[in-house]
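Only heavy atoms go into these numbers, but all of them, side chains included; no hydrogens, no water, no symmetry mates. Order of the sequence lines fixes the chain letters, A, B, ..., with proteins taken first and strands second; residue numbering starts at 1 for each chain.
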Amino acid sequence: MRRRTGRRHNLAISPLGLLYAQGNIIMSRYDAASIEAKWQEAWEKAGTFTATMEGGKPKYYVLEMFPYPSGKLHMGHVRNYTMGDVIARYKMSTGHNVLHPMGFDAFGMPAENAAISSGGHPKDWTYSNIDTMVDQMKPLGLSLDWSRMFATCDPEYYGQQQALFLDFLEAGLVYRKNAVVNWDPVDMTVLANEQVIDGKGWRSGADVERRELTQWFFRISDMAEELLDAIDGLDNWPAKVKLMQQNWIGKSRGLQFAFGLIDGPEGFDRVEVYTTRPDTLMGASFVGISPDHPLAKHLEKDNPEIAAFCAECRKGGTTEEALEKAEKKGFNTGLTVRHPFDTSWELPVYIANFILMDYGTGAIFGCPAHDQRDLDFVRKYDLPVVSTFAPLSGDHVLPEESGEAYVPAKSEKVRWLKPYAWDEEVTGEEAIDAAIAFCEDNAVGQGVTKFRLRDWGLSRQRYWGCPIPVVHCDTCGVVPEKKENLPIELPYDEGDKPLDLSNPGNPLARHPTWRDCTCPACGGKALRETDTMDTFVDSSWYFARFTAPRAETPTDMEAAKYWMNVDQYIGGIEHAILHLLYSRFFARAMQITGHLPETAKEPFDALFTQGMVTHAIYKNAERTDENGRAIYHYPAEVEERENGTFVIATGEQVEVIPSAKMSKSKNNVVDPLNIISSYGADTARWFVLSDSPPERDVEWTASGAEASSKYLARVFRIATEAAASEKGPQGADEALLKEMHKAIRDVTLSIESFGFNAAIARLYAFTNALAKSKAGADAQRAATRALAQLMAPMTPHLAEEIWTMLGGEGQVIDAPWPVADEAMLVEASVTLPIQINGKRRAEISVAADLSKEEVEKIALAHEAVVKALDGQAPKKIIVVPGRIVNVVV
RNA sequence: GCGGGCGUGAUGGAAUGGUAGACAUACCAGACUUAAAAUCUGUUGGGCCUUGUGCCCGUGUGGGUUCGAGUCCCACCGCCCGCACCA
């Protein structure tokens with residue numbers, strides 16, 4: 001945003017000289033561009049960041065989630081990689097062999113979309129984007145081992161992935177079954193969820209249908225229990241991610257039993273039901289089955305009304321969100337079932353659109369009194385509501401009357417109106433256990449443990465992905481390809497024609513010759529599988545490949561044993577569930593098939609989820625475009641005035657929306673390259689780490705970037721002065737050195753706990769102390785060298801420069817991390833606040849090791865306390881040593 | 001709809017249940033300058049008066065636990081992330 005003063009950033013003081021005079025010191029100015037180029041070259045020459053297993057040093061593997069090669073590096077990337085870089089450089093300074101690699105998650109739809117909208121080929125588009133992004137990343141001065149780089153679309157990578165697939169297949173970890181996809185009936189093609197907009201195909205606009213297709217699946221649900229239990233051991237993962245994964249896996253204990261079907265069609269004498277609330281069985285008012293339930297499918301065959309209803313239910317996308325948000329609809333089949341406890345009690349059977357065939361048995365019973373969804377349903381179809389329990393006390397209106405389902409926590413004790421195997425006042429949990437035991441004893445049903453986690457469907461009917469290495473043979477069926485034939489490479493064209501993705505459907509299936517092959521089993525003619533793999537497969541083992549990226553097998557055991565696990569993994573919270581869960585599954589599957597050691601079952605020892613980089617957006621408040629859509633202005637197009645923010649050119653008022661996710665369509669993307677070219681990489685790095693805690697979003701502001709730049713210039717100036725200083729010992733040396741040791745302690749702790757913003761705040765404070773210090777030259781230089789070391793992980797180029805300027809030995813990256821001297825950290829006295837009834841009223845200064853009793857005595861003698869007590873004895877005195885004194889009167 | 005998270009001055013934010021607002025931005029004032037920029041110094045949560053080592057209010061809203069709550073618990077509001085074919 002341009003400010004009214006029209007001030008622009010301007011570092012050029014003297015166009016020719018790098019020298020200018022201030023006082024009597026001749027100093028060079030902070031020239032980020034030349035400093036950064038110089039040190040990047042020095043690191044490259046020395047091979048500083050090439051990871052090795054040598055020297056008997058402990059290893060440290062730090063990994064940031066690799067990017068999709070969109071072709072544009074954005075600030076979110078800069079923040080993500082800078083965080084990893086701080087950790088990597090810090091670990092190098094503390095004597096570790098560090099592996100810090102980078103690659104590209106390069107398969108996926110955007111490349112196909114680009115080819116459709118602007119011509120060209122997904123492969124060319126992707127590789128050219130990768131080149132661009134590498135060029136954009138290199139000036140950041142990241143401590144990456146570029147020699148290990150790969151893209152998942154490299155045949156060398158996806159060929160090894162095909163080998164993994166074959167091993168998984170052999171180990172029984174992959175199988176085929178039918179599953180529903182989004183089907184566009186006009187384009188005759190499968191759509192991704194994001195291509196379904198309001199239930200319609202994004203290009204055809206046709207109503208999307210759910211259709212079954214035979215697909216490949218990984219047996220991740222077989223590992224549900226193991227994946228769930230192992231979460232407890234992930235000590236250095238955020239609690240929220242662990243909780244999300246636990247909920248996603250969704251272990252539940254319930255009752256499986258059957259309702260006897262009265263006069264059902266042939267072959268259907270019962271409806272098998274799974275419920276997590278068997279305690280509410282006496283409040284059942286209907287049985288619901290999924291439109292995809294075998295009984296529903298049977299009924300729709302000769303009942304056009306049911307067929308029409310089921311067809312209606314199958315409209316729309318496949319996402320759980322769409323299903324759950326859709327209006328709850330049911331169709332009375334006219335069939336009834338018998339209640340298991342009372343054979344004269346009949347319940348109607350409905351087909352209902354909110355019941356998923358994938359979960360449980362595809363059939364439920366509805367208890368409207370204790371489930372809002374069921375209650376809404378029965379009110380629509382005029383079915384009874386029967387409460388089975390109520391609160392222990394209070395004026396509770398039963399759901400029968402109130403229209404509100406009563407759904408207390410299962411751990412809450414309630415009063416049972418219709419218990420059938422337990423006391424009148426127990427918790428829901430106790431009642432569920434008793435209900436399951438009762439049903440088992442009376443042969444009504446069985447206690448069953450189920451998981452919400454479904455098997456992972458990996459088939460995609462798309463071109464730009466890793467081909468699934470199997471062939472279809474008329475005589476042998478589905479046959480795995482031979483490993484010596486790998487990689488099964490994607491064809492560049494469609495044989496006689498160039499690749500055409502604007503044509504709906506998969507070019508691999510259309511290709512005139514690519515499918516043709518010989519059957520590995522019988523040698524006869526066969527056809528290749530044309531589905532490719534989900535791109536989540538690509539990102540589920542890249543961390544393992546980085547340990548030996550050029551190996552002739554998926555991994556190299558020796559390298560994997562040395563480097564695995566990833567000690568610190570860093571990425572966005574949006575990957576909390578799928579990517580991380582799939583990677584955990586893959587690590588186990590790779591261990592089973594001999595590609596990873598037993599110890600690498602949980603591949604990520606520590607996880608950190610960082611926030612986004614946001615920027616205010618400027619929305620035109622006076623008009624919209626011709627289609628009625630909002631108009632967004634670039635920061636440079638608007639200016640702030642006293643009475644608001646306006647478009648400079650037209651004078652129109654704009655609405656300032658702070659902290660919006662950077663997005664091209666909102667015109668609020670800040671290009672890191674511009675920042676680097678005007679301020680330098682160290683400024684960009686410093687800024688993205690400062691101000692906001694790393695796990696939260698950070699808002700990019702022009703003033704913040706300028707402030708970072710000014711601070712770095714200030715440090716440079718202080719260092720220049722310290723280097724030139726000839727002051728002898730001044731008596732203030734000890735105070736400065738004490739500050740130095742405290743800064744070393746605090747910054748080290750902050751870096752180790754991902755408190756980069758706190759580390760930076762501490763460095764500001766230390767810099768202020770240093771600037772004001774009257775200490776002699778030696779102490780100043782020592783303090784400034786420490787400052788350089790502490791800043792080195794964040795602003796490595798500037799740190800090298802001032803380290804050298806101050807006579808530091810070698811490169812700062814090779815210098816051992818400074819250690820705080822405990823003796824310098826001891827404080828003789830502490831200031832204790834005195835509270836009266838929890839409110840701060842005074843403070844006292846006492847010796848740090850003074851006893852509780854002594855502190856109490858001093859506090860009670862304090863004027864303010866005496867006044868507050870007014871002759872009375874205090875009711876209570878709390879003394880927290882070194883912290884606080886609270887007097888209750 | 002379901003699961004998870006977040007909410008503190010003008011702004012970004014700090015604060016093992018223990019002095020709310022560290023550090024920075026912005027603003028204002030001063031020094032330097034012919035002037036501006038840069039730099040340096042200082043002030044700044046709101047209110048009140050008796051101007052003090054003063055009092056009251058204050059961490060989205062409403063309750064609760066505690067000697068003490070931004071922090072823990074409950075409910076509500078708002079925003080963000082995920083929901084299995086976006087990566």
Checklist outcome for this item: Comparing nearest nucleotides in RNA chain B, the 5'-proximal residue of the pair A/Asp105, A/Arg454 is A/Arg454
Reckon [X] touches a base, only the sugar-phosphate, or nothing at all at heavy-atom distances under 4.0 Å?
| X | value |
| --- | --- |
| A/Arg714 | sugar-phosphate |
| A/Gln461 | base |
| A/Gly250 | nothing |
| A/Phe536 | base |
| A/Ala707 | sugar-phosphate |
| A/Val887 | nothing |
| A/Leu453 | base |
| A/Val885 | nothing |
| A/His579 | nothing |
| A/Ile878 | base |
| A/Lys328 | nothing |
| A/Ser70 | nothing |
| A/Lys240 | sugar-phosphate |
| A/Gln215 | base |

Suppose we call a contact any N or O donor and acceptor under 3.5 Å apart; does that hold for the side chain of [X] and the base of [N]?
| X | N | value |
| --- | --- | --- |
| A/Glu321 | B/C83 | yes |
| A/Asn886 | B/C67 | yes |
| A/Arg762 | B/C23 | no |

Quick one: sort the [X] and [Y] rings into parallel, tilted or perpendicular, breaks at 30° and 60°.
| X | Y | answer |
| --- | --- | --- |
| A/His575 | A/His579 | perpendicular |
| A/Trp125 | A/Tyr68 | tilted |
| A/Trp456 | A/Tyr582 | parallel |

Checklist outcome for this item: To the nearest angstrom, the CZ-P distance between A/Arg460 and B/C85 comes to 5 Å
Checklist entry - A/Leu375 CG to B/G1 P: how many Å, rounded? => result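 My rounded result for the distance is 16 Å.
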Among [options], the nucleotide that comes nearest once only the side chain of [X] is considered:
| X | options | result |
| --- | --- | --- |
| A/Met244 | B/A84, B/U16, B/G4 | B/G4 |
| A/Asn247 | B/G4, B/A20, B/A87 | B/G4 |
| A/Arg462 | B/C85, B/A14, B/C81 | B/C85 |
| A/Arg840 | B/U19, B/G82, B/C83 | B/U19 |
| A/Ala192 | B/G1, B/C86, B/U16 | B/C86 |
| A/Glu843 | B/U19, B/G13, B/A87 | B/U19 |
| A/Asn757 | B/A14, B/U39, B/C85 | B/A14 |
| A/Arg883 | B/A24, B/C2, B/U16 | B/U16 |
| A/Ile884 | B/U19, B/C67, B/G4 | B/U19 |
| A/Glu320 | B/G42, B/C83, B/C85 | B/C83 |

Checklist outcome for this item: For A/Gly316 and A/Arg210 the tightest heavy-atom approach is O-CG, 3.5 Å
Would you please confirm or rule out a distance under 4.0 Å between OP1 or OP2 of [N] and any side-chain N or O of [X]?
| X | N | answer |
| --- | --- | --- |
| A/Asn113 | B/C86 | no |
| A/Lys710 | B/A38 | yes |
| A/Thr535 | B/A87 | yes |

Aromatic ring proximity, centroids under 6.0 angstrom, [Y] and [X]:
| X | Y | answer |
| --- | --- | --- |
| A/Phe586 | A/Phe218 | yes |
| A/Tyr711 | A/Tyr764 | yes |
| A/Tyr569 | A/Phe543 | no |

Same-atom distance ([atom1]) from [N] to [M], integer angstrom:
| N | M | atom1 | value |
| --- | --- | --- | --- |
| B/C27 | B/A38 | P | 10 Å |
| B/A10 | B/G5 | P | 29 Å |
| B/G60 | B/G78 | C1' | 8 Å |
| B/A15 | B/C23 | P | 13 Å |

Item to check | Exercise: do A/Gln461 and A/Gln215 side chains pair donor with acceptor under 3.5 Å | outcome: yes
Next on the checklist: Can a side-chain donor-acceptor contact be found between A/Arg211 and A/Asn178 if the only test is distance below 3.5 angstrom?
Outcome noted: no
Next on the checklist: For the CG atom of A/Leu578 and the CE atom of A/Met244, what is their distance to the nearest 0.5 Å?
Outcome noted: 11.5 Å
Show the distances under 3.5 angstrom between N or O atoms of the protein and N or O atoms of nucleotides 56-58 of chain B.
unit_1, atom_1, unit_2, atom_2, d
B/C56, OP2, A/Arg841, NH2, 3.1

Checklist entry - Paired stems touching RNA chain B, three or more consecutive Watson-Crick or G-U pairs with both distances under 3.5 Å? => result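 Output for stems: B:1-7 with B:77-83, B:10-12 with B:23-25, B:28-31 with B:39-42, B:45-48 with B:54-57, B:60-64 with B:72-76.
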